[in-house]
A.B. asks: 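After the structure tokens below, expect a handful of questions from me.
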Amino acid sequence: MRLLDSYLELGITGMARAAVAGWFDGHYGAALLAGYFMDREHDLPEHVKEGIERTCESFRKQKPEWFVPLDQDEKADPSLLQHVINGLQQNVKQLRTSGHGLALGVLALKALRERPDMITPTVVDGLVRILQATTEDRKDRYWGIENYHGMTIDDVKDDEVAPYHTTAEMAERAFDELHLVIPPRDINGVRYHLASEVVHNITQAHALTDLERFGYEDIVKPGIVNHRLQIYLNRHVPPFTLEDEVKEPAFEEIFSPLYWERLYSDPHALKLPYAALDLLKRFPPEKRALAERNLCKLLTITD
């Protein structure tokens, strides 16, 4: 067994334990899950597998206490999974934290569907805490918008972001937004995520696509509405940041050795390519190459 095979259990464990530190720290366990599923669902070259393991092991070394095995005597109760699903439902009542509740929660849901023996009170409590925390966010997250909490899809005109209603349309729209990639920037003492928000167009779309596969249409429909609002908000970019635009990627394919030879500190380094690879499978061949090339602009600036 290689390291990749251990990341399903370790990823669930890391997410559940990280909840005490805050929802963002759930990314590290989620990155291990992304690496595990990427290997399971795609024919990865060996250098990609090694790159995943290299970065995942660095995450484990940063927070070893999060990945210590859970109490083996705690009994599993599959009925507790409903609490995770309830948390996902809460996260689509309004857009918050760029859809992180979905991006993190659906990875955990997917993992627990494979490992019902890990649906224990400890694991579920940690995941529910993360999902509750992702429904809270700062009001000025987006440049030029004083309080996005008060915004709904009714604020988005059809000629600003045309409506879409299916996960296939959503995937194409998410990749369409990659025509403009601007690195995150501090402006007047406030951090604006810019390109990182565009990352979440992809991860949120992937989460909703998986939920559709699992049969949770009641979560998918409002989630797509929130995704459209997210695109609208992401387009609020200060004109003076255009000078930082990433116009050319350093490579043009997700499997490029130039990407996977590096060690990353950002968990999105694994979560983004996993989400993108899945969504790109839905693209016709004539559209996939350009979509993947534009995605590589985001990977180029990943730390």
Side-chain angles (χ1 to χ4, degrees), residues 22-27 91-104 133-164 170-208 222-249 264-269 271-272 275-276 291 294-303:
W23 70 261
F24 184 85
D25 293 277
H27 276 85
N91 269 271
V92 294
K93 287 186 175 181
Q94 65 285 306
L95 177 68
R96 295 290 185 270
T97 61
S98 293
H100 269 103
L102 294 180
L104 297 173
T134 54
T135 63
E136 302 173 3
D137 198 11
R138 73 179 220 236
K139 296 178 179 180
D140 62 346
R141 183 182 185 103
Y142 303 95
W143 182 83
I145 297 177
E146 185 176 351
N147 179 11
Y148 89 91
H149 289 188
M151 298 186 67
T152 70
I153 200 62
D154 293 334
D155 297 304
V156 183
K157 298 177 181 178
D158 289 358
D159 60 354
E160 292 174 320
V161 181
Y164 49 95
M170 175 177 59
E172 289 208 28
R173 295 297 185 84
F175 277 86
D176 285 346
E177 295 302 300
L178 298 176
H179 69 279
L180 181 64
V181 172
I182 298 174
R185 186 162 170 171
D186 291 327
I187 302 172
N188 297 326
V190 179
R191 184 68 167 176
Y192 292 100
H193 300 290
L194 304 178
S196 297
E197 302 288 16
V198 179
V199 167
H200 303 136
N201 285 345
I202 305 294
T203 57
Q204 187 180 176
H206 178 228
L208 288 165
I224 291 176
V225 172
N226 287 341
H227 189 272
R228 181 176 167 228
L229 176 59
Q230 170 81 25
I231 285 180
Y232 171 77
L233 294 169
N234 287 351
R235 290 181 180 179
H236 288 72
V237 174
F240 54 83
T241 63
L242 294 176
E243 63 189 19
D244 298 330
E245 180 185 355
V246 180
K247 295 183 178 180
E248 298 292 333
Y264 295 94
S265 59
D266 183 352
H268 294 94
K271 292 174 71 266
L272 176 59
N294 284 337
L295 189 282
C296 288
K297 292 191 289 187
L298 288 175
L299 297 182
T300 294
I301 60 173
T302 300
D303 294 323

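For clarity, every value in this text was computed on a predicted model and none was experimentally measured. Here, residue 1 is the first one in the sequence, and each next residue gets the next number.
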A.B. asks: Between Asn226 and Arg96, does a side-chain contact (heavy atoms from CB on, under 4.5 Å) hold up when you go through it step by step?
C.D. replies: CA-CA 9 Å; Asn226 287 341; Arg96 295 290 185 270; over 6 Å; no

A.B. asks: For the residue pair Thr300 and Pro249, what are the closest heavy atoms and their distance?
C.D. replies: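 Minimum heavy-atom separation between Thr300 and Pro249: OG1-CA, 3.6 Å.
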
A.B. asks: Specify the closest pair of heavy atoms between Thr302 and Leu298, including all atoms of both residues, with the distance to one decimal.
C.D. replies: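 Closest heavy-atom pair between Thr302 and Leu298: OG1-O, 2.9 Å.
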
A.B. asks: If I take atom CG from residue Leu208 and atom NE2 from residue His227, how far apart are they, to the nearest 0.5 angstrom?
C.D. replies: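 Spacing of CG (Leu208) from NE2 (His227) equals 7.5 Å.
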
A.B. asks: Whether Arg228 and Asp158 form a salt bridge (side-chain N of Lys/Arg under 4.0 Å from carboxylate O of Asp/Glu) is what I want to check.
C.D. replies: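 Result for this pair is yes, salt bridge flagged.
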
A.B. asks: Regarding Tyr148 and Gln230, is there a side-chain donor-to-acceptor distance under 3.5 Å anywhere?
C.D. replies: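 No.
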
A.B. asks: Report yes if the side chains of Gln204 and Leu95 come closer than 4.5 Å at any heavy-atom pair, otherwise no.
C.D. replies: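 Yes. Closest side-chain heavy atoms under 4.5 Å.
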
A.B. asks: How close do Leu178 and Lys297 get, heavy atom to heavy atom, and via which atoms?
C.D. replies: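 Of all heavy-atom pairs spanning Leu178 and Lys297, the closest is O-NZ, 3.0 Å.
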
A.B. asks: Could you give the distance from CG (Leu229) to CG (Asn234), rounded to the nearest 0.5 Å?
C.D. replies: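 The CG atom of Leu229 sits 9.5 Å away from the CG atom of Asn234.
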
A.B. asks: Could you check whether Arg173 makes a cation-pi contact with Tyr232, meaning its NZ or CZ is under 6.0 Å from the centre of the six-membered ring and within 45° of the ring axis?
C.D. replies: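 Geometry flag: not set, cation outside 6.0 Å or 45°.
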
A.B. asks: Quick check on Glu146: does its CD atom have over 12 non-hydrogen neighbours (other residues, nucleotides or ligands) under 6.0 Å away?
C.D. replies: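 Incorrect, the count does not exceed 12.
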
A.B. asks: Would you mind reporting whether Arg235 and Val161 have side-chain heavy atoms less than 4.5 Å apart?
C.D. replies: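 In contact.
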
A.B. asks: To the nearest 0.5 Å, what is the distance between OH on Tyr142 and CD on Glu197?
C.D. replies: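 CD of Glu197 is found 4.5 Å from OH of Tyr142.
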
A.B. asks: Out of curiosity, His268 NE2 to Thr203 OG1, how far, rounded to the nearest 0.5 Å?
C.D. replies: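 The OG1 atom of Thr203 is 6.0 Å from NE2 of His268, to the nearest 0.5 Å.
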
A.B. asks: At what distance, to the nearest 0.5 angstrom, does CG of Asp244 lie from CG of Leu194?
C.D. replies: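 Here the interatomic distance stands at 9.0 Å.
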
A.B. asks: Can you confirm whether more than 12 heavy atoms, excluding those of Asn188, are under 6.0 Å from its CG atom?
C.D. replies: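 Atom CG in Asn188 is not packed in, count stays at 12 or less.
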
A.B. asks: Return the minimal non-hydrogen interatomic distance between Arg191 and Pro184, and the atom names on each side.
C.D. replies: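 Shortest heavy-atom contact: NH2-CB, 3.5 Å.
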
A.B. asks: Can you see which heavy atom on Ala174 is nearest to which on Ile202, and at what distance?
C.D. replies: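 Shortest heavy-atom separation between Ala174 and Ile202 comes out as CB-CD1, 3.8 Å.
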
A.B. asks: Under the 3.5 angstrom rule, does the side chain of Asn294 hit a backbone N or O of Ala291 as a donor-acceptor pair?
C.D. replies: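 It does not hold such a pair.
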
A.B. asks: I want to check something: taking the side chain as every heavy atom from C-beta on, are Arg185 and Phe240 in contact at a cut-off of under 4.5 Å?
C.D. replies: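 Of all side-chain heavy-atom pairs linking Phe240 with Arg185, at least one is under 4.5 Å.
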
A.B. asks: To the closest 0.5 Å, what do you measure between OG1 (Thr241) and CG (Leu180)?
C.D. replies: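 Thr241 atom OG1 to Leu180 atom CG measures 7.5 Å (nearest 0.5 Å).
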
A.B. asks: So which heavy atom on Asp137 is nearest to which on Thr97, and how close?
C.D. replies: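 Shortest heavy-atom contact: OD2-N, 3.2 Å.
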
A.B. asks: Would you please classify the geometry between the His100 ring and the His27 ring as parallel, tilted or perpendicular, with 30° and 60° separating the classes?
C.D. replies: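 Perpendicular: the ring planes of His27 and His100 meet at over 60°.
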
